[in-house]
Amino acid sequence: MNKRPIIFCSALLAYACVYAQEIPGDSAKIEILDEVVVSDSRFALKREYSGKTVISIGPEELQKYSGRSVAEVINTRSGLEIAGSRGRPGEVLGVYARGGRGRQVLVLIDGVRVTDPSSFAQEYDLRYLGTDNIESIEIIKGAASTLYGSNAATAVISITTRKASGETTSGHFESSMGTNQSHDKQQYKLAEFSSNARVDGTLGDFSYKTSFSNAYSDNLSSLVTPGDEEDEFSRFQANLSLGYRFSPKSSLRVYGNQSKLRSDYDESFGLQDAPYQFRSEQKRAGLAGIIGYRNGDIHINAAVSEFESENISAFPGTFRGQTWVVDAFNKYTFNDKFYTLFGINYNKEKAVLESDQSFTLLDPYVNGVYVSGTGLNLNAGLRLNTHSEYGEQMVYNLNPSYSITAGQGYVKVLASWATSYITPSLSQLFGAFGANPELEPETDRTLEGGLEWATSDRFRTSLLYFNREEENFVFFDNVAFMYNNAANTVKAEGVELEVSWLASEKWSVSGNYTFTERSGDSAIRIPKHKLNTSIDYSFGEAGLLSLRYAYTGSRRDTDFSTFTDVELQPFSLLHLFASKELIPGRLNVFLNAENILNEDYTEVLGFSTRGRNLRLGFILDL
């Protein structure tokens, strides 16, 4: 493999670290120093006071992925690998954060945890999510169980949907179409379509929002087979939200949404074309209330979700599940130095398996943040997991940091010691496929230490080391043909480097590098080295060119024809995004060129990957 691209990009990141301190900070500002993060403490605090290297993805960045999936966006961030996100739309996704597994990543939508209790590992299916109705994404890596409960062991992906416009009536319409082709079949046939429409507004103290979106693709086979028969994918979403503001600090919002997806797939044993299909529907209704008072506010987030899925294959099955979630917490600010949070979380999960099965969790928790004003900052918390099957388990988080003013910026040293707790899923305990009622919960310990440096409003870089140990790791034992707890300790450690640099009013550079080492099992689909870089150029009146480079290092995967592990070769991908505002504030057109060098590579053994593809679309705001 030609290593020049990765060497060049690594040198570029290093050059940015050295050169950025010489860039003046009095022209177009990114306001790096004033960036606010929320997820690591649930308080809106300046990043300088946070003891985590929180990843924030805003509307401008999400626009570069118009028509694409949330999984593709997340896959470009440090410490995260979403296997399947580079392949045919609709393929099953594997979420690996810091060398962990999908069940160790918790997804939140507007503050509510979303998990599918009928799945084998309580994971949320990211195939449900496009970028069209999303305002922002925050990702905190490491154990966050004290604030968010079970499953928050390696990362929390917190998604905030778009809020209603402040205008009486506002409309947002987006549509795109493009190709969906492999490396060796560059026919440039239109085979992928995406569209969404949103109408929202505010009438006095009342607000409303409704949106619809759909995506469809074909022309690409799920597996690499001699027949290469195309497999279709479709997704539909509908959302309705109504809100009322009782006072400047108190409000109530009720909402409902429905998502449907359908994905064809093939027979993975023997890699043969097959008329298989996966169908899934998710319904959710909930409310979000805030009661404000002097120096604090009470938050109540509650939702009920229903999941129903069907596998139409040689081994057919129907899966149904329900979740009830209530998270109530009180945020109180004593002064500009001391912030406290007290809460209680109730979660009930139910799945229809051989019979109806369910469990509940009732977790009281407390968290505090201290900002000294002289450099020392501390974020600490406790949570008592109370599980109907396993009793009580305490988890904790201790996250100190120290920031020093350096010129117009700061240098921050940070550390974290945290634990997390993951209970087996209902399917692992009571399902029809290898269930084991004797499974023990998994416990994780995560240690982090790092440095963040910001100079002026234009540059920030961070370097972080993480170390995690997993006890009672749940795995599928192919010999006993059932789920078991691992007798050994699984360990994962690594380094994450991030850089963000506004070189001038027109040029900006960002990038990240991740090194991950996992021991104790086969560590399939987890690359040891991973690099992402992006160079953006602003031109004319509201025009943008963005060139993205992604390197994925070697990793192991399982060959299910022999049940042995094989090594997959590294690969590099180059993408281009271009957009131009034709009518200021109204009409924007964009072009997405994916894998522009038409690289031939394997992401998941036996599965198709996308070659060079083009997508053209528009965004209209009224």
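All values reported here derive from a predicted model rather than from experimental measurement. These numbers come from the heavy atoms of this one structure, side chains and all, not from hydrogens, waters or symmetry mates.
- Using modelled atom types and a 3.5 Å distance limit, the side chains of R383 and T146 yield no donor-acceptor pair.
- Taking every heavy atom of both residues into account, S554 and P570 meet most closely at N-CG, 3.8 Å.
- Between R101 and D521 there is a salt bridge, since a side-chain N of the basic residue sits under 4.0 Å from a carboxylate O of the acidic one.
- A salt bridge links E192 to R68: at least one charged side-chain nitrogen sits closer than 4.0 Å to a carboxylate oxygen.
- F476 has its ring centre less than 6.0 Å from the ring centre of F481.
- Ring to ring, H529 and Y551 are not that close: their centroids are 6.0 angstrom or more apart.
- Residues D327 and R42 are paired through a salt bridge, judged by an N-O separation under 4.0 Å between the basic side chain and the carboxylate.
- A salt bridge between E448 and R98 is present, with a side-chain N of the basic residue lying under 4.0 Å from a carboxylate O of the acidic one.
- Under a 4.0 Å N-O distance rule, the pair E81/K530 qualifies as a salt bridge.
- Ion pairing of R468 with E493 is absent here, as no side-chain N (NZ or NE/NH1/NH2) approaches a carboxylate O to less than 4.0 Å.
- Screening R103, K491, R518, R445 for a salt bridge (charged side-chain N to carboxylate O under 4.0 Å, His left out) involving E470 leaves a single residue, R518.
- Smallest separation of non-hydrogen atoms from Q272 and T225: C-CG2, 3.9 Å.
- In this structure, F269 has no ring pair (Phe, Tyr, Trp, His ring centres under 6.0 Å) partners at least two apart in sequence or on a different chain.
- A salt bridge links D228 to K185: at least one charged side-chain nitrogen sits closer than 4.0 Å to a carboxylate oxygen.
- Salt-bridge annotation for R615 and E594: absent, with no side-chain N of the basic residue lying under 4.0 Å from a carboxylate O of the acidic one.
- A salt bridge does not link R525 with E603: none of the charged nitrogens is closer than 4.0 Å to a carboxylate oxygen.
- Classification of D110 and R253 as a salt-bridged pair holds, one side-chain N sitting under 4.0 Å from a carboxylate O.
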